[in-house]
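Within every chain, numbering begins at 1; the chains are lettered A, B, ... in the order of the sequence lines, protein sequences first and strands thereafter.
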Amino acid sequence: MPAPRVRFCPAPSGWLHVGGARTALYNWLYARGRGGAFVLRIEDTDAERATDASMHGMVAALRFLGLDWDEGPEVGGPHGPYRQSERGPLYAAVANALLEADAVYDAYETAEELAAEREEAQRAGRSPGYAGGHRDLTDEERQAYLAEGRRPVLRVRTPDRGEVSFSDAVRGTVSFDWKDIPDFVVQRADGTSTYFLANAVDDVAMGVSLVARGEDLLSATPRQLLLYELLSREGLIDRALADSGYPARPADAVLPSFAHLPLLVGEDRKPLSKRHGSVAVDEFRRQGYLPEVLVNFLALCGWSYDATSERFTVDELVERFGFERVGRNPSFFDTAKLRAMNGDRIKELDDRELAERLLPHLDEAGLAGMPPLPAERELVLGLAPLLRERIQTLADAVPLVAFAFLDEVTWDERAVAKWLKGSARDVLAAVAAAFEGVGDWNVESVTATLDGVAAELGLGTGKVYQPVRVAVSGTDRTPPLPETLALLDRAVVVRRLRAALERIVD
RNA sequence: GCUCCCGUCAUCUAGCGGCCCAGGAUACCGGCCUUUCAAGCCGGCGGCGCGGGUUCGAAUCCCGUCGGGAGCACCA
């Protein structure tokens with residue numbers, strides 16, 4: 001059996017969202033696990049929607065996730081080009097051959113007429129698909145339409161009866177009746193190819209052996225199958241490839257089989273879309289989710305290994321993934337669970353690693369520079385072990401330790417009201433004085449000083465730690481106090497304690 | 001309207017006729033620990049959409065029903 005060839009083919013409009021990323025991941029895992037090839041193809045046949053910025057964003061998001069491609073934009077490959085906007089002549093050649101073979105016909109309705117027809121059909125309770133009005137035009141009729149200035153689209157003649165069925169790697173046998181499948185457009189009036197044609201032509205031309213995509217395309221499959229058959233009939237595709245100057249398909253090419261993945265839905269059970277807030281991969285990156293966690297989590301959105309395992313390294317996923325174990329029901333993209341997994345992964349990072357991953361987020365928040373100053377790097381390294389148990393995403397660290405980087409403390413008025421009052425006046429004054437007299441400024445000496453003040457004033461440790469915490473950080477939720485203070489400059493700490501005295505109300 | 005797909009705790013998922021009066025994870029609740037916030041440990045809550053069959057036995061098979069989703073574009 002030849003090595004599998006799979007592909008991910010996003011339409012470059014908008015950002016790569018998690019649903020698309022999941023599709024890309026499954027294809028990638030499948031290819032990597034079986035020594036196959038993963039092809040990235042950009043489906044930008046719709047010039048109105050496709051943008052370069054979107055394409056670059058998608059490429060960047062895939063790279064962030066660690067999904068590399070063997071053929072595609074930026075890396076090339078033997079069956080390119082890999083942007084459909086650069087393959088127009090091929091599609092035109094195929095459409096032409098299809099027309100000569102009478103597999104497609106020219107239809108002259110305008111978009112408005114079709115919309116009206118659709119509406120009418122809906123109203124009458126009929127299926128809104130094309131009814132086949134221009135299936136058998138005479139040459140006179142054609143001339144008349146042409147004379148009116150109309151340009152035809154090309155539609156495929158679909159069978160009027162019979163059944164199609166195919167074996168889906170996820171769903172088993174699926175079948176449709178041809179009578180339910182209307183003649184569909186393969187070439188627009190402006191001569192460009194639609195998704196159906198371009199997608200089918202490229203999958204066949206690139207020797208794709210398995211098409212794994214979202215379930216929303218399940219009912220498009222019969223049309224694809226028809227096209228595959230038409231394309232391979234009498235070497236049509238091979239001739240078109242040769243005639244229009246594109247690379248021949250792989251010698252061992254087979255026609256694609258299918259795997260339809262369940263949809264990813266939001267909390268309202270509707271398929272994920274921009275309406276659901278942040279669903280873009282890049283947004284998750286900004287929020288501080290680790291790529292290996294996203295990969296692990298995405299793998300679990302539809303696939304499972306056994307009853308109890310759910311933490312996998314990328315290598316383990318590559319080894320274990322298979323479409324047989326992809327479920328058939330839609331899965332909810334549960335960010336709470338993602339957070340938990342991300343938090344667990346952060347706990348596995350050592351100080352250096354965590355600090356390195358934290359730095360870009362601190363930079364984005366305006367706390368440290370990029371690249372960081374040596375002192376900033378050192379501070380972050382010191383903070384890393386204190387943060388590890390307390391954050392679930394890298395961005396969670398920002399509010400927790402911002403005070404360690406900023407000159408101005410941001411006051412949490414609730415915390416101030418609760419702790420900077422009463423005995424806090426004596427506490428802050430005593431601690432400030434005691435800190436000034438400390439020999440070595442380190443965790444042990446800070447702890448001893450704090451505990452000493454508590455004993456001296458006859459107060460519980462909470463009555464001492466909390467006011468000090470608020471005075472230095474502005475809030476009552478921070479990493480452990482002595483450990484944090486020891487990382488700061490002593491003079492800064494003392495200055496803040498004294499400044500906080502001003503805010504005390506009795 | 002028609003076609004296709006799906007239906008196990010709040011959420012994701014294991015289950016493919018007896019191992020299941022249903023297992024794991026997240027979330028939630030409680031306890032311990034504690035200088036805050038966390039983390040950790042221990043414990044708890046909680047589900048086979050419904051109705052018929054088939055069978056000694058059904059979450060698992062069949063039929064029906066209800067519910068959800070997708071598609072039916074000169075968008076992909």
Side-chain angles (χ1 to χ4, degrees), chain A residues 9-11 13 43-46 48-50 107 109-111 114-115 118 121-130 151-155 168 170-171 174-177 179-182 184-190 192-196 198-199 213-222 260 262-263 265 267 269-271 297 300-311 327-341 343 347 386-392 396 400 415 419 447 450-451 454 460-466 468-470 473 475-482:
Chain A
C9 40
S13 62
E43 307 223 318
D44 52 354
T45 50
D46 182 1
E48 306 237 316
R49 300 189 187 190
E109 293 98 334
T110 62
L114 290 171
R118 234 186 338 266
Q122 293 269 42
R123 218 186 348 256
R126 293 195 312 272
S127 167
Y130 184 67
R151 317 300 326 174
V153 299
L154 257 27
R155 285 184 185 269
D168 187 284
V170 173
R171 279 148 213 281
V174 181
S175 37
F176 294 86
D177 273 332
K179 69 170 164 49
D180 297 319
I181 298 158
F184 56 98
V185 175
V186 109
Q187 190 182 73
R188 302 187 182 99
D190 67 3
T192 60
S193 166
T194 64
Y195 160 78
F196 289 111
N199 183 268
R213 42 135 63 161
E215 189 204 77
D216 50 335
L217 290 166
L218 185 61
S219 48
T221 309
H260 286 96
L263 259 24
V265 299
E267 51 276 68
R269 318 299 320 176
K270 298 271 196 257
F297 183 74
L300 259 13
C301 284
W303 172 85
S304 65
Y305 180 63
D306 61 18
T308 55
S309 331
E310 52 180 31
R311 303 305 163 96
R328 281 171 289 276
N329 36 7
S331 59
F332 169 57
F333 191 84
D334 187 356
T335 45
K337 186 155 179 171
L338 209 211
R339 269 187 77 80
M341 284 179 66
K347 287 178 194 67
L386 309 180
L387 250 12
R388 182 159 30 231
E389 313 282 290
R390 264 160 271 268
I391 58 175
Q392 291 191 293
D396 283 349
L400 244 26
W419 294 105
T447 306
L450 255 14
D451 291 346
T461 46
K463 291 269 191 201
V464 173
Y465 280 69
Q466 287 304 82
V468 171
R469 190 189 307 278
V470 175
S473 72
T475 98
D476 56 1
R477 298 148 72 119
T478 78
L481 193 58

Problem - Nearest-Å distance for atom pair CZ/P, residues A:Phe332 and B:U8 - result: 15 Å

Exercise for the section: Please tell me which of the listed nucleotides, B:G7, B:C37, B:A70, lies nearest to the side chain of A:Leu263? Expected result: B:A70

Handout entry: Nearest listed nucleotide, side chain of A:Pro482, among B:U13, B:A27, B:U35
Key = B:U35

Exercise for the section: Using atom NZ of A:Lys179 as one end and atom C1' of B:C72 as the other, report the distance to the nearest whole Å. Expected result: 13 Å

Practice task
Could you state the atom-to-atom distance from CZ of A:Arg171 to C1' of B:G71 in whole Å?
Solution key: 13 Å

Handout entry: Distance in angstrom units between A:Leu218 CG and B:G71 C1', rounded
Key = 9 Å

Exercise for the section: Pick the P atom in B:C61 and in B:U8, then give their distance to the nearest Å. Expected result: 14 Å

Problem - Between P of B:C37 and OH of A:Tyr465, the distance in whole Å - result: 15 Å

Practice task
Could you work out the separation of B:C48 and B:C41 based on their P atoms and round it to a whole Å?
Solution key: 30 Å

Handout entry: N or O in side chain of A:Asn329 less than 4.0 angstrom from B:C12 OP1/OP2
Key = no

Problem - Rounded P spacing from B:U55 to B:G7 in Å - result: 26 Å

Practice task
Using whole Å, report how far CD of A:Glu389 lies from P of B:C41.
Solution key: 11 Å

Exercise for the section: Pick the C1' atom in B:G47 and in B:A25, then give their distance to the nearest Å. Expected result: 15 Å

Exercise for the section: Using the P atoms only, state how far B:G51 lies from B:C5, rounded to an integer number of Å. Expected result: 25 Å

Fill in the blank from the handout: The nucleotide from B:U13, B:C72, B:A27 with an atom nearest the side chain of A:Pro128 is B:C72

Problem - P spacing across the pair B:G43 / B:G23, given as an integer number of angstrom - result: 15 Å

Practice task
For nucleotides B:G18 and B:U11, find the distance between their C1' atoms and express it as a whole number of Å.
Solution key: 30 Å

Fill in the blank from the handout: Among B:A14, B:C75, B:C37, the one nearest any side-chain atom of A:Arg390 is B:C37

Problem - Between C1' of B:G71 and CD of A:Glu215, the distance in whole Å - result: 10 Å

Problem - cation_pi(A:Arg155, A:Tyr130) dist<6.0 Å, angle<=45 - result: yes

Problem - Which nucleotide in B:C6, B:C74, B:G71 has an atom nearest any side-chain atom of A:Ser219 - result: B:G71

Fill in the blank from the handout: Side-chain atoms of A:Arg311 come closest, of B:U3, B:A25, B:A27, to B:A25

Practice task
Could you tell me whether A:Gln187 contacts a base, only the sugar-phosphate backbone, or nothing, with contacts defined as non-hydrogen atoms closer than 4.0 Å?
Solution key: nothing

Practice task
Indicate, with a heavy-atom threshold strictly under 4.0 Å, whether A:Ala340 touches base, sugar-phosphate, or nothing.
Solution key: sugar-phosphate

Exercise for the section: Determine the Euclidean distance between corresponding P atoms of B:G31 and B:U36; express it in Å to zero decimal places. Expected result: 16 Å

Handout entry: Value in whole Å for how far the C1' atom of B:A25 lies from NZ of A:Lys337
Key = 4 Å

Fill in the blank from the handout: Taking B:A39, B:U35, B:U36 as options, the one with an atom nearest any side-chain atom of A:Leu481 is B:U35

